[in-house]
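Reminder, nothing fancy here: chain letters follow the sequence lines and each chain counts from 1.
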Amino acid sequence: MSNSKVRVRFAPSPTGGLHLGGVRTVLYNYLFARHHGGDFVLRIEDTDQSRFVAGAEEYIMQCLDWCGIQPDESPLKPGAYGPYRQSERKPMYAQYAHQLVEQGNAYIAFDTPEDLESMREKYKSEHHNAQYDSRTRAFMRNSLTLSKEAVDTLLANNTPHVIRIKMPVNETLVFTDMIRGEVSFETNLVDDKVLLKADGMPTYHLAVVVDDYLMKISHAFRGEEWLPSAPVHLLLWKYLGWEAVMPQWAHLPLILKPDGNGKLSKRDGERLGFPVFAMDWTDPRTNEATTGFRERGFLPEAFTNMLAMLGWNSGLEQEIFTMEELVQHFSIERVHKGGAKFDYEKAKWFNHQYIQKTDNVRLAELIQPFIADKNVAIEPSKLATVIGLVKERLHLLSEFWDQAGFFFVRPESIDNSAIQAKWTDTTKQFFVLLAEKFAATADWSHDNIELVFNEAVAEAGIKKGEAMLPLRVMLVGGKFGPGVFAIAEQIGKEETVRRIENAIQLLTNS
RNA sequence: GCCGUGUUGGUCAAUCGGUUAAGACGCCUCCCUUUCACGGAGGAAUGACGGGUUCGACUCCCGUACAUGGUACCA
């Protein structure tokens, strides 16, 4: 395998929103492919017709697009190994399943769901371990226990049936995982998985092997939850005679919930207040909406950078990597074995870093959706200027309006408590004076505004410190924001005077 | 229950038998800043437990504990 071209695939099941862990799996696939100059394939694993969800496939592709990950081959961009949806590859699988039956490595099983149910019930009480294995299959209705004639008759009558792999007895299966090293399993302890379902569709087990073979996949990365079924896949590669070209496996660690333990789920995000999906997702069946990182105000670069570092480490002290740098440094051997708890605070830190290094014009475009509902017309150039003023205090793009809304809209209310304490006749007279002086100022530039302010302070005979904070609150509404004179300059002379006068009135009447 | 996998500060993590056990996030203190933030300087905080192997173990081996994944005609 080592001398052939690197080809990897991300093979999601289109059943809903794209989870953090899913995105990280794609990312690692993508980085590995690019690092080795190979191909990255997107294959849709839609073999379970009962779990079809409208729009899920398009959604997944949009997520990849947002993340800046372009597949070399996908349902939308077919290469030489299509089709790229398993549902469209249906005819390809049955022949291999039947080949296995003929070779004696698989068999036909006619058990009904009820038969299986009662088998499991029975074993639960007797052996603790209910599985369809070498011992069980001798008592079930299948081509191993039935006569050839009986089987033929059942088949001729279109009796529902599946094809199961026939696990060997007393064998130890060993393979080398790229991040875990040698892993071994006892064949006696893994059951006879269904390969071909009664509806003629393959299960994941058959499909993944057949497709990886046909698509010439060289390295297969998937979540750790697949490790227990690896022996089935291993055997399939062997029985089908493809062992020599079997991909190298790497089972990625899981992303865990921040509190307690366990796999991070959509519910954890809702419970703890952070997104889990890459982008907003609304389930068409239940209409349940889930927020995504994009809509929460993440930059895609920050999102992918953060995910790359969750479970992988370059060995350098650097943490901020462009996609190109990630491609350059990535190696699957440096992926951690243990699961990583997701840390939303750190995720926001990454986003903050990226907001700082992104230029204001692009930020303005990205922020547009977050202010679209404010009903204010804002020129892009002004937006960019304001962004430059407040970006250092943004962790999420969605925080922009809270931090900068006062640049565009007069504050609805002002934090009186911040002024009240210092509000005396002297300060009131000062602000009346200041408003007059401001109104008469021709050169409305930052430095000159400050100059005029200083003059007013001197004339009124008060301390500058007593005037600065009240002025800020009058203009901003609260104790936050960039330099006061920069704010005054930006909102303009008329508006500055207006806000001061409004505040004086408000404070006088209260 | 059974099988697999994992376990360095609160979190992400470096270390590939010999270090004062890096760094980052978060937290705390101070400085800067007539707000908030940014920035700067400090600080607290780590090898699950028990046995080996070794001159020497966070690093290797074996147990135990704990966690987690699987145990579907779902992926």
Side-chain angles (χ1 to χ4, degrees), chain A residues 11-15 45-48 50-51 86 109 111-113 116-117 120 124 127-133 160-164 177 179-180 183-186 188-191 193-205 207-208 222-231 251 253-254 256 258-263 306 309-320 334 336-350 352-353 356 389-395 403 415 418 463-473 476 478-484 487:
Chain A
S13 180
T15 52
E45 308 225 332
D46 55 350
T47 54
D48 188 359
S50 67
R51 297 216 304 169
Q86 290 182 333
D111 315 289
T112 64
L116 295 171
E117 179 81 13
R120 292 196 180 102
K124 205 174 281 178
H127 295 281
H128 282 295
N129 205 10
Q131 53 170 299
Y132 204 120
D133 60 12
H161 60 277
V162 302
I163 292 179
R164 287 179 180 272
D177 184 282
I179 68 190
R180 285 155 211 283
V183 181
S184 68
F185 300 88
E186 296 302 321
N188 291 358
L189 298 167
V190 351
D191 58 6
K193 292 284 181 211
V194 169
L195 265 21
L196 201 68
K197 300 187 255 188
D199 64 3
M201 279 294 220
T203 58
Y204 171 81
H205 306 296
V208 73
R222 59 194 349 181
E224 186 184 351
E225 67 267 29
W226 289 110
L227 205 42
S229 53
H251 290 89
L254 268 13
L256 278 15
D259 60 335
N261 290 296
K263 217 162 42 157
M306 176 274 292
M309 302 310 288
L310 199 60
W312 172 81
N313 185 286
S314 66
L316 307 170
E317 284 192 5
Q318 183 181 353
E319 286 192 281
I320 303 296
R334 288 197 68 91
H336 245 255
K337 293 185 181 73
K341 289 186 183 177
F342 176 65
D343 182 355
Y344 188 50
E345 292 306 316
K346 185 86 186 236
K348 285 198 290 191
W349 176 80
F350 272 103
H352 181 254
Q353 297 298 312
Q356 305 323 305
L389 256 19
V390 302
K391 69 198 289 190
E392 67 192 25
R393 58 210 81 202
L394 297 184
H395 281 76
Q403 286 296 331
D415 182 1
K463 284 183 198 153
K464 198 175 174 184
E466 284 172 27
M468 287 289 273
L469 190 62
L471 176 59
R472 160 177 303 282
V473 176
V476 171
K479 301 197 310 187
F480 62 94
V484 236
I487 294 170

Applying side-chain contact (heavy atoms from CB on, under 4.5 Å), can you list everything that pairs with [X], at least two apart in sequence or on another chain?
{"X": "A:Ile179", "value": "A:Asp177, A:Leu252, A:Pro253, A:Ile332, A:Val335"}
{"X": "A:Asp46", "value": "A:Pro14, A:Ile44, A:Arg85, A:Gln86, A:Ser87"}
{"X": "A:Ala340", "value": "A:Leu310"}
{"X": "A:Pro482", "value": "A:Leu389, A:Val390, A:Arg393, A:Phe406, A:Phe407, A:Ile487"}

Exercise for review: Could you pull out all residues at least two apart from A:Thr112 that satisfy side chain to side chain donor-acceptor pair (under 3.5 Å)?
Suggested key: A:Glu114, A:Asp115
Practice item. Return the set of residues passing side chain to side chain donor-acceptor pair (under 3.5 Å) with A:Glu186 (not counting sequence neighbours), or none when no residue passes. Key: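 Here the qualifying residues are A:Thr172.
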For residues 197-204 of chain A, please give each side-chain donor-acceptor pair under 3.5 Å, one per line with the distance, not counting sequence neighbours.
from	atom 1	to	atom 2	distance (Å)
A:Lys197	NZ	A:Thr47	O	3.3
A:Asp199	OD1	A:Met201	N	2.8
A:Thr203	OG1	A:Val194	O	2.7
A:Thr203	OG1	A:Leu195	O	3.4
A:Thr203	OG1	A:His205	N	3.4
A:Tyr204	OH	A:Arg222	NH2	3.2

Review point. Can you name the residues that form a salt bridge (charged side-chain N to carboxylate O under 4.0 Å, His left out) with A:Lys341, not counting sequence neighbours?
Key: none
Point to revise | Partner set under salt bridge (charged side-chain N to carboxylate O under 4.0 Å, His left out) for A:Asp48, not counting sequence neighbours | key: A:Arg51
Exercise for review: May I ask you to say what A:Phe185 touches in the nucleic acid, namely base, sugar-phosphate or nothing, with a heavy-atom cut-off under 4.0 Å?
Suggested key: sugar-phosphate
Practice item. Assign a letter to each nucleotide of nucleotides 66-75 of chain B from its 5' end: B, base within under 4.0 Å of a protein heavy atom; S, sugar-phosphate only; -, no contact. Key: -SSBSSSBBB
Exercise for review: Spell out protein contact along nucleotides 19-35 of chain B as letters: B when the base is contacted, S when just the sugar-phosphate is, - when no protein heavy atom is under 4.0 Å; keep the 5' to 3' order.
Suggested key: ---SSBB--------BB
Revision key, fill the gap. Base-paired stretches in RNA chain B with three or more consecutive Watson-Crick or G-U pairs, both distances under 3.5 Å, amount to B:1-7 with B:65-71, B:10-12 with B:23-25, B:27-31 with B:39-43, B:48-52 with B:60-64
Practice item. With P as the reference atom in both, quote the distance from B:rU5 to B:rG39 in angstrom, rounded to an integer. Key: 44 Å
